[in-house]
Trainee: 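Dumping the structure here so I can ask a few things about it.
Note that the structure is predicted; figures quoted are calculated from it, not measured. Remember, it's 1-based here, ligands and their atoms both numbered in the order they're listed. FYI, side chains are in, hydrogens and waters are out, and symmetry mates aren't considered; it's all heavy atoms of this structure.
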Amino acid sequence: MSQGWHEYALHVLAAFGALYLGKLGVGLLFSAAKKLVQGGGVNPTKYGKWCVVTGATDGIGKAFCFEMAKKGMNVLLISRTESKLVDCSKEIEAKYPSVKTKYLAIDYSNFDKASQDKVAEAFSALDGGLGVLVNNVGMSYPFPLYFHELSDEDVRGLLELNVTSTTIMTRLALPVMLAQKKGAILNIGSAAGLHPNPLLALYSATKAFVEYFSYSLNTEYASKGIFVQCHAPFFIVSKLSKFKRPSAFIPTAEDYARKALTKLGGEPVVSPHAPHQVASYLMDCIPESLIQSVSLKYHLGIRAKGLRKRAREEESKKSK
Ligand SMILES: NC(=O)c1ccc[n+]([C@@H]2O[C@H](COP(=O)([O-])OP(=O)(O)OC[C@H]3O[C@@H](n4cnc5c(N)ncnc54)[C@H](OP(=O)(O)O)[C@@H]3O)[C@@H](O)[C@H]2O)c1
């Protein structure tokens, strides 16, 4: 009699266990599918006629300008070097004759009140509305370093370009977008912001800021017609990454920007290049302690190479 009761209890427990595991499995599949698909597909012109891109004359920013122009958006380019801004504007207008461009030379390492006023004035003069702001400008380390080894200039630059520029540009854009009752803000973070990165600590922390800032704002302003999204890519061919050739894992900036725009209006944090998205999903499944030790070893190797290269450069300067 008591054996029968035990058997019955075991069956009930097994049934609950199976149900629980089934629910867990379906939940995991659902979240993996959502993470991998990422949604999106909204045309940027839905938000307004103009797109503003910071760090617009090279790499990812320049690629975003061309991709936005291809979709029919007018483009306000903002960067540091005026001659490059003139050249880029001309290139865009030559390729897309129906698209208007404007440019502003701003140095985000010194984004003072006078520069902020220039941006605010430019925003209010965008006939047809400020549709999309792409906060792309940013900098990284010259190569992985212990935090105390960074120069004061690098520390200031990382904070100014990666955090202050995104924060202030967003504050300048929001009143315009709120008045229009629509707008989108794309903040270029990094996969380095998804997990802590030893020897890139400050870069990683500034990009984690970008992720949390964007995600919170997206929820905060959704009811007001404003969409905010953080991009968290791994490597992309550019001067900043120092990767010169694309591979399956490292897209060109043009390829990245094309894929990035297909995610507009989708998940609040995206990694539009599919292999990056798979990598970031897999990293979420690995214990953080393992990620930390692998990342430290990998960065120590690149640091050693960087230090050797720096020593060679200093040596050759001395001998001149
Ligand atoms: N490339 C990657 O692998 C990768 C991966 C993850 C995230 N990201 C992020 O993507 C963003 C763009 O990176 P990228 O690789 O395209 O960089 P990039 O190729 O080095 O381009 C930098 C752009 O920013 C401008 N810029 C630099 N300093 C400036 C300053 N002080 N004020 C104003 N403009 C300035 C440059 O203009 P000038 O030439 O006139 O200076 C140029 O237009 C960054 O936020 C970066 O963290 C990049």
Side-chain angles (χ1 to χ4, degrees), residues 52-67 75-89 91-92 103-112 115-116 118-119 133-144 153-154 156-169 186-195 197 200 202-211 213-214 229-247 249-257 259-260 269-273 275-277 279-280 302:
V52 177
V53 181
T54 70
T57 52
D58 232 318
I60 301 167
K62 184 174 179 184
F64 260 106
C65 292
F66 276 81
E67 203 53 40
V75 189
L76 167 60
L77 300 93
I78 308 184
S79 246
R80 189 169 43 178
T81 316
E82 181 143 5
S83 57
K84 285 174 78 177
L85 285 161
V86 173
D87 291 347
C88 275
S89 298
E91 273 181 59
I92 294 171
Y103 67 82
L104 259 186
I106 299 281
D107 182 351
Y108 284 107
S109 64
N110 179 29
F111 195 28
D112 55 13
S115 305
Q116 293 175 29
K118 271 197 218 166
V119 171
L133 165 64
V134 184
N135 280 316
N136 162 75
V137 74
M139 65 175 275
S140 184
Y141 286 29
F143 52 85
E153 197 189 344
D154 279 343
R156 259 196 311 277
L158 281 154
L159 294 171
E160 292 298 322
L161 266 67
N162 298 5
V163 176
T164 308
S165 81
T166 300
T167 310
I168 303 292
M169 288 297 289
L186 306 187
N187 294 326
I188 311 302
S190 166
L194 301 175
H195 292 268
N197 266 261
L200 287 177
L202 187 55
Y203 181 68
S204 175
T206 61
K207 294 301 185 178
F209 165 87
V210 174
E211 183 194 346
F213 183 57
S214 310
Q229 188 175 51
C230 172
H231 284 238
F234 285 80
F235 298 119
I236 295 162
V237 173
S238 83
K239 282 185 188 147
L240 180 145
S241 71
K242 300 188 183 82
F243 282 105
K244 296 191 169 82
R245 268 182 292 278
S247 65
F249 192 70
I250 306 171
T252 61
E254 294 73 23
D255 185 22
Y256 180 80
K259 288 172 177 158
V269 180
V270 289
S271 211
H273 184 56
H276 290 180
Q277 187 59 18
S280 97
I302 310 177

Trainee: Can you tell me which residue and heavy atom of the protein come closest to atom 11 (C) of ligand 1, and the distance to 0.1 Å?
Mentor: N136 O, 3.1 Å
Trainee: Look at atom 32 (N) of ligand 1 and say which protein heavy atom is nearest, naming residue and atom and giving the distance to 0.1 Å.
Mentor: Y108 N, 2.9 Å
Trainee: Could you identify the single nearest non-hydrogen protein atom to atom 22 (C) of ligand 1 and state the distance to 0.1 Å?
Mentor: D58 CB, 4.4 Å
Trainee: Go through it in stages, so that I can follow the logic: the residues are N135 and T167, the test is side-chain contact (heavy atoms from CB on, under 4.5 Å), and I'd like the CA-CA distance, side-chain angles, deciding distance and then a yes or no.
Mentor: CA-CA 9 Å; N135 280 316; T167 310; over 6 Å; no
Trainee: Only one of C65, S89, S79, S83 passes side chain to side chain contact (heavy atoms under 4.5 Å, CB included) with T57; say which it is.
Mentor: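 Only one option passes, and that is S79.
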Trainee: Have a look at ligand 1 and work out which part of K84, if any, has a heavy atom under 4.0 Å from it: side chain, backbone, both or neither.
Mentor: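 Side chain only; the backbone of K84 stays clear of ligand 1.
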Trainee: List the closest protein heavy-atom neighbour of atom 3 (O) of ligand 1: residue, atom name, distance to the nearest 0.1 Å.
Mentor: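 That would be I236 N, 2.8 Å.
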Trainee: Quick check for you: to the nearest 0.5 Å, what is the distance between T164 atom OG1 and M169 atom CE?
Mentor: 13.0 Å
Trainee: Please write down residue, atom name and distance for the protein heavy atom closest to atom 24 (O) of ligand 1.
Mentor: G55 CA, 3.3 Å
Trainee: Of V53, T206, N135, I60, which has the heavy atom at the shortest distance from atom 4 (C) of ligand 1?
Mentor: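 The residue whose heavy atom sits nearest atom 4 (C) of ligand 1 is I60.
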Trainee: Could you tell me whether A56 approaches ligand 1 through its side chain, its backbone, both or neither, with non-hydrogen atoms closer than 4.0 Å?
Mentor: backbone
Trainee: Minimum heavy-atom separation for L240 and M139, please, with both atom names.
Mentor: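 Minimum heavy-atom contact is CD1-CA, 3.9 Å.
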Trainee: Between H273 and Y256, is the ring centre distance below 6.0 Å?
Mentor: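 Between H273 and Y256, the centre distance exceeds or equals 6.0 Å.
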Trainee: For atom 46 (C) of ligand 1, what's the nearest protein heavy atom and its distance?
Mentor: Y203 OH, 3.7 Å
Trainee: If you have a sec, work out which protein heavy atom is nearest atom 37 (O) of ligand 1 and how many Å separate them, to one decimal?
Mentor: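 The closest heavy atom on the protein side is T57 OG1, 3.2 Å.
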Trainee: Suppose we measure from atom 27 (C) of ligand 1 to each protein heavy atom; which comes out shortest, and what is that distance?
Mentor: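 Nearest protein contact, heavy atoms only, for atom 27 (C) of ligand 1 is R80 NH2, 3.7 Å.
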Trainee: Any chance you could lay out the side-chain contact (heavy atoms from CB on, under 4.5 Å) test for E160 and Y108, step after step, and finish with the verdict?
Mentor: CA-CA 7 Å; E160 292 298 322; Y108 284 107; 6.0 Å; no
Trainee: Considering the heavy atoms of F234, write down every atom of ligand 1 situated less than 4.0 Å from one of them.
Mentor: 3 (O), 5 (C), 6 (C)
Trainee: If we set the cut-off at 4.0 Å for heavy atoms, which region of K207 has an atom near ligand 1: side chain, backbone, both, or neither?
Mentor: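 It is the side chain that gets close, since no backbone atom is under 4.0 Å.
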Trainee: In this structure, are over 12 heavy atoms from other groups packed under 6.0 Å from F235 atom CZ?
Mentor: no
Trainee: Between I106 and ligand 1, which residue portion shows a heavy-atom distance shorter than 4.0 Å: side chain, backbone, both, or neither?
Mentor: backbone
Trainee: Could you tell me whether a side-chain N or O of S165 sits under 3.5 Å from a main-chain N or O of N162, the two making a donor and an acceptor?
Mentor: no
Trainee: Okay, side chain of S109, backbone of G157: is any donor-acceptor separation there less than 3.5 Å?
Mentor: no
Trainee: Between the side chains of S214 and N187, does any donor sit under 3.5 Å from an acceptor?
Mentor: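 The answer is yes; a qualifying pair exists.
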Trainee: With atoms numbered from 1 as shown, which atoms in ligand 1 lie under 4.0 angstrom from a non-hydrogen atom of G59?
Mentor: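 Matching atoms, with element in brackets: 16 (O), 19 (O).
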Trainee: Show which atoms of ligand 1 fall inside a sub-4.0 Å distance from at least one heavy-atom site of S109.
Mentor: 31 (N)
Trainee: If you measure every N or O of S190 against every N or O of ligand 1, does any of those distances drop under 3.5 Å?
Mentor: no
Trainee: Which part of F243 is near ligand 1, with near meaning a heavy atom under 4.0 Å away: side chain, backbone, both or neither?
Mentor: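 None of F243 does.
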